Protein chains: 2
Amino acid sequence: MAASRRQQIRRSILDAAIIEFSRNGLEGTSTQAIADRAGLTKPQLHYYISSKEELYDEALQFIVAEWKHIFFMSTESDADPAHVIVSYVTRKIRHAIERPEVARLFAREVARGATALSRHWDDLAASVDQSTAIIQSWIDQGLIRELDPLIFQMNIWAATEYFAEHGAQARYLLGVSDGEALDADRLIRETAELFLARAGLSAPDDRNASAMGTSEGGTSDP
Amino acid sequence: MAASRRQQIRRSILDAAIIEFSRNGLEGTSTQAIADRAGLTKPQLHYYISSKEELYDEALQFIVAEWKHIFFMSTESDADPAHVIVSYVTRKIRHAIERPEVARLFAREVARGATALSRHWDDLAASVDQSTAIIQSWIDQGLIRELDPLIFQMNIWAATEYFAEHGAQARYLLGVSDGEALDADRLIRETAELFLARAGLSAPDDRNASAMGTSEGGTSDP
DNA sequence: AAACGATTTGACCATTTGCTCAGCTTAGTT
DNA sequence: AACTAAGCTGAGCAAATGGTCAAATCGTTT
């Protein structure tokens with residue numbers, strides 16, 4: 001009904017392409033491999049796409065769109081810092097675990113110099129600036145400790161992205177077998193705590209605050 | 001005693017291979033590209049190596065060796081936690097910035113499932129275990145806050161690794177032009193602070209407090 | 001059933017892939 | 001100078017690459 005057969009196929013091609021590209025990059029991926037994954041023959045694939053490069057571009061485009069939902073600190077400017085931070089970290093880690101290919105392909109393209117993303121770079125940079133402003137305002141209001149907002153964001157990005165790129169390693173180290181799902185909640189809790197602590201905050205109240213028991217947060221002077 | 005010409009060439013092949021493999025992986029890298037980068041013809045390259053796979057393996061081997069110097073928390077078990085953490089973070093970030101190809105290739109191989117690293121996996125896992133034990137002992141002694149030692153380590157890894165894989169992005173966001181060097185000290189200071197705060201520590205250490213604060217840039221370069 | 005455009009297919013292209021080889025040049029030893 | 005071995009080269013291999021094409025099939029509409 002809604003999705004024509006044609007659109008369905010194009011979508012499955014895109015899915016296959018994202019997975020393949022995320023593994024070996026543009027040059028390392030053969031159209032044959034994409035075709036195989038999508039359950040098509042090579043000429044059939046080329047009937048639906050115009051070239052590998054364009055398909056790559058399309059995949060990136062798709063990813064940036066998805067990314068924008070997750071990448072940025074919320075605009076609910078009135079929410080308290082702890083809540084915003086936890087929500088951000090949660091979204092990022094969830095996404096990293098659930099759609100590692102997307103996160104990985106994005107990261108790979110960024111690492112390559114993001115030439116194919118250059119159109120979107122400004123968008124992303126603008127959002128980073130916006131987040132920077134929010135964090136800075138928290139500092140100015142004395143809501144959080146003094147810190148470098150940019151590096152703080154980079155650190156968040158790094159910590160969350162990790163689970164997409166190194167899921168296998170995380171699994172192994174945590175002793176989670178291949179089929180099993182990662183204990184996302186635990187990862188999220190611990191990782192969020194990292195940034196809350198840096199900001200001098202404690203977790204937004206849900207249950208008893210037992211984790212913070214020792215030595216009261218260490219209001220140390222930097 | 002002087003490295004024979006042969007060894008010199010093999011070394012330059014290895015260097016070239018590491019760079020190329022780190023960009024596009026095993027399958028995405030052509031022997032032609034490696035030969036070009038090493039300043040050799042293709043048959044010449046094949047005179048020195050036996051196959052692409054074996055060269056890849058050799059590159060990984062080389063990298064693991066280099067990695068072991070940096071990857072692990074120090075064994076100076078009597079050092080105080082703050083010092084150990086800062087030193088670890090510093091080493092990791094320095095390495096990530098100075099030899100991004102090495103860090104990237106390692107990470108890439110890990111992400112692939114680390115099949116070619118499987119021989120070394122146990123070594124690495126053992127070292128992680130060792131670090132875990134050290135951290136746990138700190139907790140037991142009440143030296144640092146309670147936290148999950150494993151996830152703590154993963155977070156450190158993530159935050160430091162980031163600078164290798166996303167150096168371009170970091171440059172861009174920090175407004176550092178291509179030629180310029182990143183202000184490693186600033187990154188290190190801020191990133192170390194992240195983990196110190198999580199552990200409930202403040203930066204070490206008073207006898208030489210200025211060393212952390214304002215040493216400004218002058219690190220020995222390659 | 002005929003006609004239609006939308007698909008699918010096998011054969012095929014030029015180029016590149018990893019790799020080999022016979023023969024050439026060079027460098028070192030006697 | 002004569003001999004040897006290490007190093008280098010152009011040509012070339014089979015296989016895979018990205019991509020094309022005319023001819024065959026399919027699903028619809030008339």
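These figures come from a predicted structure and were not determined experimentally. Worth knowing before you read on, the calculation uses all heavy atoms, side chains too, and leaves out hydrogens, waters and symmetry mates. Naming: A, B, ... by sequence-line order, numbering from 1 per chain.
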Novice: Residues of residues 14-25 of chain A with any non-hydrogen atom less than 4.0 angstrom from an atom of DNA chain C: list those, numerically ordered, please.
Specialist: none
Novice: Which of these, T191(B), L196(B), L201(B), sits in a side chain to side chain contact (heavy atoms under 4.5 Å, CB included) with V86(B)?
Specialist: L196(B)
Novice: Pick from Y88(B), W157(B), F195(B): which one makes a ring-ring contact (aromatic ring centres under 6.0 Å, His included) with F152(B)?
Specialist: F195(B)
Novice: Minimum heavy-atom separation for A184(A) and I97(A), please, with both atom names.
Specialist: CB-CD1, 3.9 Å
Novice: Any carboxylate oxygen within less than 4.0 angstrom of a Lys/Arg side-chain nitrogen, looking at R171(B) and E180(B)?
Specialist: no
Novice: Name all pairs fulfilling the salt bridge (Lys or Arg N to Asp or Glu O under 4.0 Å) condition that reach into residues 28-47 of chain A, sequence neighbours left out, sorted by first residue then second.
Specialist: E20(A)-R37(A)
Novice: Can you tell whether the side chains of E101(B) and R108(B) come within less than 4.0 Å, N to carboxylate O?
Specialist: no
Novice: Quick one: list whatever passes salt bridge (Lys or Arg N to Asp or Glu O under 4.0 Å) with D15(B), sequence neighbours left out.
Specialist: R11(B)
Novice: What string of B, S and - do you get for nucleotides 14-27 of chain C 5' to 3' if you count protein non-hydrogen atoms under 4.0 Å?
Specialist: ---SBBBB------
Novice: Find the distance E54(A):CD to dG18(D):P and express it as a whole number of Å.
Specialist: 16 Å
Novice: Go through the steps for E66(A) and H95(A) under the test side chain to side chain contact (heavy atoms under 4.5 Å, CB included), then give the verdict.
Specialist: CA-CA 10 Å; E66(A) 188 168 312; H95(A) 183 255; 3.2 Å; yes
Novice: For residues 50-63 of chain A, which residue pairs qualify under side chain to side chain donor-acceptor pair (under 3.5 Å), counting only residues two or more places apart or in two chains?
Specialist: R10(A)-E58(A), S50(A)-E54(A), Y56(A)-E109(A), D57(A)-R119(A)
Novice: Polar atom pairs between nucleotides 5-7 of chain D and protein, under 3.5 Å, N or O only, would you list them?
Specialist:
unit_1 : atom_1 : unit_2 : atom_2 : d
dG7(D) : OP2    : R6(B)  : NH1    : 3.1
dG7(D) : OP2    : Y47(B) : OH     : 3.0

Novice: What is the minimum heavy-atom distance between I144(A) and P81(A), and which atoms define it?
Specialist: CG2-CB, 3.9 Å
